[in-house]
Every structure is written in C-alpha cells, then in structure tokens.
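So that the names make sense, note that chain A is the first sequence line, chain B the second, and so on, each numbered from 1.
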There are 2 protein chains.
Amino acid sequence: MTTAEQTIGSNWLATAGLRPTRQRVALAALLIGDGQDRHVTAESLFDAAKNQGEGVSLATVYNTLRAFCDAGLMQEVTVDGSKSYFDTNVHDHPHFFWEDEAKVTDAPSDQLVIAQLPDAPEGAEIASVDVIIRLRRKP
Amino acid sequence: MTTAEQTIGSNWLATAGLRPTRQRVALAALLIGDGQDRHVTAESLFDAAKNQGEGVSLATVYNTLRAFCDAGLMQEVTVDGSKSYFDTNVHDHPHFFWEDEAKVTDAPSDQLVIAQLPDAPEGAEIASVDVIIRLRRKP
DNA sequence: TTAAGTGCAAATTATTTGCAGTAAG
DNA sequence: CTTACTGCAAATAATTTGCACTTAA
C-alpha cells in the first residue's frame with residue numbers, strides 16, 4: 001500500500017470524525033484507495049487485508065464496517081440472507097447480484113427509470129428503495 | 001381450523017407433489033387458509049401454529065418453508081440480513097419493509113412502473129428483480 | 001413395506017460482545 | 001491522561017443437519 005492511498009483513507013475517516021487507527025486506515029485504503037466503488041463482505045475484506053500483510057482481526061473488520069456504515073461512509077446492501085454486503089457507494093443506486101458467484105456489483109443507475117412508485121401507506125414514509133437485479137450465468 | 005381450510009391446504013400441497021402430512025397441512029392452512037397472501041418468518045409461523053394448538057417443531061417449520069419454496073409454492077424475500085421472510089405470493093411484485101416493526105407486506109404492484117431496466121451484463125441474464133420499499137413511521 | 005417426513009439435540013455459520021490491553025487526542 | 005479502539009475468545013442468533021422414529025403411499 002502506498003502512502004497516497006493511506007492519506008486518502010485518513011481523509012475519508014476524518015470527514016466522518018473517526019479515529020484513523022492503523023487498522024482503519026489499512027481497511028479504508030483497501031476500500032477506497034483506488035477511487036473505485038467496492039462491494040465487500042466482512043470475510044472478503046478480512047482476506048484482502050491479510051493478503052496485504054495487514055494485521056487486522058476479523059472482529060475488528062466487522063466492527064469497522066459497522067462503524068463506517070454508522071458514519072455514513074458506506075452502506076449495507078441486503079441481497080442475501082446469509083451474508084452481509086457493504087458498499088462504498090452510498091448513493092441510491094441499483095445492484096446486480098450474481099447468484100452463481102454470490103457477488104454484488106453496481107448496476108448503471110442511469111439505466112434504471114422508475115416511472116411510478118407505490119405511495120407510502122398512511123403514517124409511513126419511504127426511507128429508501130432497494131432495487132436488486134438478480135443475475136444468473138447464461139446457459 | 002376448519003376442515004375446509006385443511007382441504008385447501010391439502011390441495012395446495014398436492015399441486016406441488018408434496019405429501020400432506022399433519023404438520024404440512026396445518027402450516028398450509030395457516031398460510032393460505034383464508035385466501036390472503038401472507039409473509040412469515042419461521043419463528044412467526046411456529047408461534048402461529050403453537051397458538052392453534054398444532055404440534056409442530058421449529059425445525060420442521062424451517063424444513064417445511066424450504067420445501068414449499070423449493071416446490072414453488074412460496075418465495076423467500078430478502079429484506080433483512082438477520083432473518084428470512086417467506087411470501088405466499090409467488091408472483092413478481094414489490095414489497096414494503098416496515099423497518100420499525102421488521103415486518104414485510106406486499107406493495108401494490110400496479111403502482112410500480114419500471115420504465116427502463118439495466119441490461120444484464122454479457123454472459124448473464126436477469127433471473128428476477130427485487131424491489132424493496134423501506135418504510136419508517138412518519139415522525 | 002419403503003421412502004419421505006418429523007423431532008429432537010447437536011452442529012454450523014455469520015455476527016456481536018465482554019473485557020483486558022493498546023493507542024490516539 | 002482519558003477515552004476510544006483492538007483482539008481474542010466466548011456468547012448469541014438464525015438456520016441446518018444427523019439420526020432414530022413415525023407415517024403416508
């Protein structure tokens with residue numbers, strides 16, 4: 001990991017008022033270091049950190065992802081009942097879920113047009129609208 | 001539970017080629033007995049069965065819900081990472097998720113109009129599109 | 001009679017938490 | 001210094017499974 005990526009990560013943490021610990025800076029660099037949006041599970045991020053020789057415990061990865069979500073730096077994507085996915089893109093946008101690989105990617109949000117949406121029932125308001133496009137390998 | 005509801009449940013099982021055991025007929029009657037679509041978790045269905053004095057183990061409720069889904073009688077709705085919800089309405093339709101109550105209901109599908117949908121990436125095809133409208137109590 | 005279904009209790013999986021030690025402001 | 005963070009190991013929660021018993025066909 002370069003110093004540049006660490007700096008980007010530190011700034012990202014700073015904007016949310018989170019302490020830039022060694023572990024968080026390392027994970028932040030993995031998540032946003034190259035400017036690309038990323039979709040991870042706790043396990044996949046843990047493995048990525050390990051592959052870089054970064055010592056971070058799995059519990060800390062879980063706690064850190066929660067902290068990032070609470071701080072609004074990331075969002076959880078609910079696509080699969082058995083695992084939690086986290087997305088560095090916090091804007092409202094649709095997702096592809098590759099069922100064969102159990103992998104999440106962004107779907108192009110400009111290609112999704114919702115012309116009409118059900119009204120929220122009495123006493124409720126719409127917090128967000130999730131659109132998951134489930135994919136399978138073409139036969 | 002009336003005999004009529006049991007009969008409806010038995011027929012429902014028969015259409016899927018599932019053996020109408022006492023437990024399955026009881027659960028089926030709870031699920032589709034009154035003709036209304038239902039959204040349950042394993043736990044909520046287990047409680048409902050218990051309240052009717054039907055002896056069904058929790059493991060059997062889990063196994064039965066899986067069997068119903070595998071048979072195409074129900075579908076799983078992924079709205080909450082920590083629990084599985086099951087829907088007796090197998091048609092493609094949007095859902096409301098009431099975040100405060102952790103409850104799922106159907107959203108009126110005629111009020112959802114998707115004018116444009118992202119194309120499936122190369123080599124993939126769209127299996128289904130989930131639309132979850134997350135609600136919160138109005139303040 | 002025989003293959004499928006049931007019910008426990010034990011196993012599994014993903015995730016959270018308590019708490020003692022470590023480090024950031 | 002003081003409070004937040006980390007890491008382990010133990011706890012939790014939802015779900016699945018192994019296996020002996022029961023039941024539908």
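One atom, CG of B:D47, and another, P of D:dA14, lie 12 Å apart when rounded to the nearest Å. Computed from coordinates, the B:D80 CG to C:dT15 C1' distance equals 13 Å when rounded to whole Å. C:dA14 atom P lies 15 Å from atom CD of A:E76, rounded to whole Å. Distance CG (B:L58) to P (C:dG7): 11 Å, rounded to an integer number of Å. The interatomic distance linking A:L18 (CG) with D:dA4 (P) rounds to 13 Å, in whole Å. A straight line from CG of A:L65 to C1' of D:dT6 spans 15 Å, rounded to a whole angstrom. Atoms CD (B:E43) and P (D:dA13) sit 11 Å apart, rounded to a whole Å. Between the CZ atom of A:R22 and the C1' atom of D:dT6 there is a distance of 9 Å, rounded to whole Å.
Residue A:T41 is out of contact with every strand shown, counting any heavy-atom pair closer than 4.0 Å. In this structure, B:G55 reaches the sugar-phosphate backbone alone: every heavy-atom distance under 4.0 Å involves primed, P, OP1 or OP2 atoms, never a base.
Shown here is B:K83, whose NZ atom has no more than 12 heavy atoms of other residues, nucleotides or ligands within 6.0 Å.
Within the 4.0 Å cut-off from OP1 or OP2 of D:dT15, at least one side-chain nitrogen or oxygen of B:Y62 is found. Under 4.0 angstrom from either OP1 or OP2 of D:dT22 there lies no side-chain N or O belonging to B:Q23. The phosphate of D:dT15 (OP1 or OP2) has no side-chain N or O of A:S82 nearer than 4.0 angstrom. Taking side-chain N and O atoms only, A:R24 has a distance below 4.0 Å to OP1 or OP2 of D:dT6. At the phosphate of D:dT23, neither OP1 nor OP2 sits under 4.0 Å from any side-chain N or O atom of B:R19. At D:dA4, none of the side-chain N or O atoms of A:T21 fall inside 4.0 Å of OP1 or OP2 (strictly under the cut-off). Side-chain N/O atoms of A:T60 include none lying less than 4.0 angstrom from OP1 or OP2 on D:dT6.
Take A:T105 and apply the side-chain hydrogen bond (donor to acceptor under 3.5 Å, both in side chains) test, not counting sequence neighbours, and it matches A:W98.
Closest-nucleotide positions on DNA chain D for B:P20 and B:F86 were compared, and the one nearer the 5' end corresponds to B:F86.
Under the 4.5 Å side-chain heavy-atom criterion for grouping Ile, Leu, Val, Met, Phe, Trp and Tyr, A:L73 is not connected to A:V104 through any hydrophobic cluster. Under a hydrophobic clustering in which Ile, Leu, Val, Met, Phe, Trp and Tyr are joined whenever their side-chain heavy atoms come within less than 4.5 Å, directly or via other members, A:V25 and A:M74 fall into the same cluster.
Between A:E76 and A:R66, at least one side-chain N (NZ, or NE/NH1/NH2) sits under 4.0 Å from a carboxylate O, which counts as a salt bridge.
One finds the CG atom of B:L45 at 9.5 Å from the CG atom of B:L58 (value rounded to the nearest 0.5 Å).
Here the side chain of A:R66 is nearest to one of D:dT15, C:dT15, C:dT17, namely C:dT15. The side chain of B:T64 lies closest to C:dT6 when the candidates are C:dA14, D:dT15, C:dT6.
One P atom belongs to D:dA14, the other to D:dA10, and the distance between them is 23 Å to the nearest Å.
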